[in-house]
Amino acid sequence: MLQVGLTHFLIVSAVLFSLGIYGIVTRKNAVMVLMGIELVLNAANINFVAFSRFGNFGLAGQAIALFVIILAAAEAAIALAIVLNIYKTFTNVNVDEIDHLKE
Amino acid sequence: MSESLLINICVVILFLPLFGFTTVIFFGKKIPKLYLFEVAILGIALLLSIIVGYVKLSLYNTKDIISAFTWISMGNAPVVGDINIELGFKIDNITVMMLFVVNLISFLVHVFSIEYMRGDKLYTRYFAYLGIFTFSMLGIVLTHNLLMMYIFWELVGLSSYLLIGFWYEKKSASDAAKKAFIVNRIGDVGMFIGILILFTQYKTFTFDIIYSQIAAGNIPFASNAWLTAAGILIFMGAVGKSAQFPLHVWLPDAMEGPTPVSALIHAATMVAAGVYLVVRIFVMLTADAMLVIAVVGAFTSLVAATIALTQNDIKKVLAYSTVSQLGYMVMSLGVGAYAFAFFHLVTHAFFKACLFLGSGSVIHSMHHEQDIRNMGGLKRKMPITYYTFLISTLAISGVPLFSGFLSKDGILAGTLAFGKLTGHWLIPIIGFTVAGLTAFYMFRLVIMTFHGEPKDHHKFDHAHESPFVMTAPLVVLAALSIFIWYTPNPIGADTGWVLKNWIQTPTQVTPLETRYEFMKPSSEEAKAEVHGEVIHSVEYTETMHWAHYPAMFMSLAFAGLGILIAFMFYQWNKLNADKLAEKLKPLYNFSLNKWFLDELYDLTAITGTLSFSSILAWFDNKIVDGIVNGSATVTRFTSRVSGWFDTYIVDGFVNFTAFFSGFVGLSFKKLQTGKVQTYIVFVVFAVIILLVFFKPF
């Protein structure tokens with residue numbers, strides 16, 4: 001019988017993280033990039049919870065996961081505001097067309 | 001009157017003419033008749049010097065009044081020790097007599113010049129120059145040290161230069177001024193070296209300190225030869241200034257200046273400065289130095305007298321007679337007749353100034369005619385000038401009752417005594433010959449100028465006696481050429497106050513072995529046997545007594561012969577001068593051309609100097625300039641190399657660095673896309689690489 005262990009969690013988390021990174025790097029739309037960031041954060045959350053469950057850390061991991069969720073919500077709010085501003089400035093939200101950081 | 005007051009009056013006397021000079025030179029153009037101020041100042045100086053002279057000679061007759069202050073103090077210099085350079089006055093009998101002579105003649109010349117120079121466009125400046133000359137001359141007279149003497153010596157040279165070249169538009173005048181200045185410089189170099197020899201040894205310029213050191217046996221470099229050398233070198237200054245052979249050539253040319261200037265500077269005062277200098281250094285002269293001085297003086301007097309025989313320019317005759325008389329004074333100092341030398345300086349100053357001013361009066365009335373062959377008969381037209389001129393001529397010829405007889409007779413007695421004591425008979429022989437020659441050429445001058453018939457009737461008709469301001473000085477000077485001012489006895493100067501009380505012959509300070517035999521001090525017993533004052537030694541005093549009458553009769557005979565021959569030639573026409581000149585053509589030309597000395601100097605000294613200068617110029621142009629140009633070329637070459645190095649190596653390196661940075665920048669520029677996603681990829685890869693390399697787990 002397949003025992004669900006720490007490794008599986010970590011694999012799921014790693015997959016999720018990789019997908020997140022992939023999304024961040026490849027997507028053109030800034031909103032999609034934000035969604036990639038959410039994936040990465042959630043991958044980290046899974047890691048925290050998993051270590052909390054299998055490790056000897058008490059509930060600290062879960063508490064931090066809660067913080068991360070709240071942080072993600074706040075981050076999403078700010079990031080969307082930034083995206084809105086980007087749109088106002090450049091009339092689009094395609095990250096590959098915005099290269100002002102070069103200057 | 002206290003001594004300090006006397007000194008203060010002397011300071012005033014010294015600076016009055018300088019004050020006159022500065023006032024006249026700066027304000028002469030703005031204030032009319034300012035020259036009278038200069039004349040008045042000289043009058044005041046004359047009055048003051050009479051007061052000083054009277055007080056000094058009556059109250060402080062045997063005492064020298066010295067006042068000095070430290071001018072430059074060098075502290076305790078390393079190696080040489082203490083050096084304090086003093087300036088100061090020494091007022092002795094000789095000083096006050098010179099003060100009187102200089103101020104009197106200067107004043108009379110000022111007065112004379114008022115009329116003589118009237119109408120000259122630089123009229124006021126002329127008086128200013130006379131002022132600075134008088135100032136410099138008084139400085140020489142008053143000084144108590146060699147340095148101040150040298151300073152004023154050069155100032156006198158400068159003012160003489162200014163006055164000789166007063167009519168500088170005339171080329172001959174400016175040439176004569178330059179000649180006088182340069183020839184004087186040659187003598188002054190010697191004088192300067194002599195002064196430095198003394199200064200090196202004694203660290204002071206003050207006469208009295210130097211003499212007391214010599215008397216104490218401290219002689220320069222512990223060698224009598226150096227003492228002799230110092231004496232002769234300082235005497236070189238006198239050779240230049242007093243126009244002694246071989247540097248006498250400037251004085252006749254100096255007659256290009258205005259005639260009153262010739263009277264003041266080139267007859268009475270400045271040229272006497274050389275004699276005055278030798279008088280001042282007399283006590284430190286060794287026998288060798290004195291012999292040199294005597295020979296130079298004797299030879300000068302002979303050369304100048306023979307030249308004067310044939311000159312036709314009234315001023316040239318007087319100029320050569322001045323050179324000749326200066327030679328007399330120098331010779332007299334050389335033979336030890338100190339008092340007579342200075343006495344002759346004084347008497348000569350008066351009668352020679354009178355002669356020159358008289359010639360100025362003649363030239364003035366003849367409208368600047370100076371050739372005596374065009375004169376004659378002026379006696380009728382200009383009686384005052386004639387009689388004053390005649391009196392001075394009698395004085396210079398050595399006729400009794402006149403001052404020149406007293407001093408000349410003394411000098412001749414001195415040479416005779418010298419000849420007897422040392423065996424140098426040539427010097428008295430020259431002395432007597434010159435006395436005869438002097439009488440001859442002076443009467444030739446008088447007869448050709450004033451006697452006989454006028455040669456140039458046009459000029460004669462316009463001739464007239466000079467106005468009062470010109471004749472008054474003549475009368476004063478002629479009066480001073482009479483014996484009564486100097487001694488009550490017309491044939492014995494020794495009994496007069498000048499020689500008996502005023503001029504005291506000092507004792508030599510040189511080491512005994514360097515003195516003449518007759519200058520060594522005699523024992524007290526020997527002195528007691530002789531009545532009266534002993535000069536140098538008993539032996540010398542006795543020989544002088546012995547020489548007195550022979551010298552007097554011989555000098556009278558020679559002078560009478562000279563005068564007689566002059567009358568035979570020019571007055572009574574018993575003898576024909578032209579025929580004699582024809583017969584003795586070579587001798588006549590030799591004398592007329594001044595022994596060809598100018599030509600000789602042209603050939604030797606001047607040509608030599610010029611060729612030496614051209615060698616130096618060549619050296620400058622080729623060698624010195626070559627070195628300079630060569631170093632410039634080398635510098636240019638090295639700077640070119642260094643420039644190349646800068647351009648290609650240093651700049652190349654800098655440029656390469658810049659280019660390399662640019663290249664690297666350009667290549668990395670591509671990584672800088674500005675897109676967030678690219679950066680994230682880099683970050684991810686970087687994290688992965690870090691993890692792989694550092695293996696934290």
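All figures in this text were calculated on a predicted structure; none of them were measured in a lab. A, B, ... follow the sequence lines: proteins, then strands. Residue 1 opens every chain.
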task: Name all residues meeting the ring pair (Phe, Tyr, Trp, His ring centres under 6.0 Å) criterion together with B:F205; count only those two or more places apart in sequence or in a different chain, and write none if there are none.
output: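 Ring pair (Phe, Tyr, Trp, His ring centres under 6.0 Å) check on B:F205 returns B:F199.
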task: Decide if atom CZ of B:F27 counts as having more than 12 heavy atoms of other residues, nucleotides or ligands within a radius under 6.0 Å.
output: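 Result for CZ/B:F27: open.
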task: Check the pair B:F135 / B:F19 against ring-ring contact (aromatic ring centres under 6.0 Å, His included), numbers first and verdict last.
output: CA-CA 9 Å; B:F135 164 69; B:F19 175 61; over 10 Å; no
task: Begin with the C-alpha distance, continue with both residues' side-chain angles, and end with the deciding distance and a verdict on side chain to side chain contact (heavy atoms under 4.5 Å, CB included) for A:M35 and A:I24.
output: CA-CA 8 Å; A:M35 289 173 75; A:I24 291 169; over 6 Å; no
Non-hydrogen atoms of A:F51 and A:L6 that approach each other most closely: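 Of all heavy-atom pairs spanning A:F51 and A:L6, the closest is CE2-CD2, 4.0 Å.
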Exercise: identify the closest heavy-atom pair between B:V24 and B:A128: CG1-CB, 3.9 Å
Show me, pair by pair, the donor and acceptor atoms from chain A and chain B that are under 3.5 Å apart.
residue : atom : partner : partner atom : Å
A:I24   : O    : B:Q677  : NE2          : 2.9
A:V25   : O    : B:Q677  : NE2          : 3.4
A:R27   : O    : B:Q677  : NE2          : 2.3

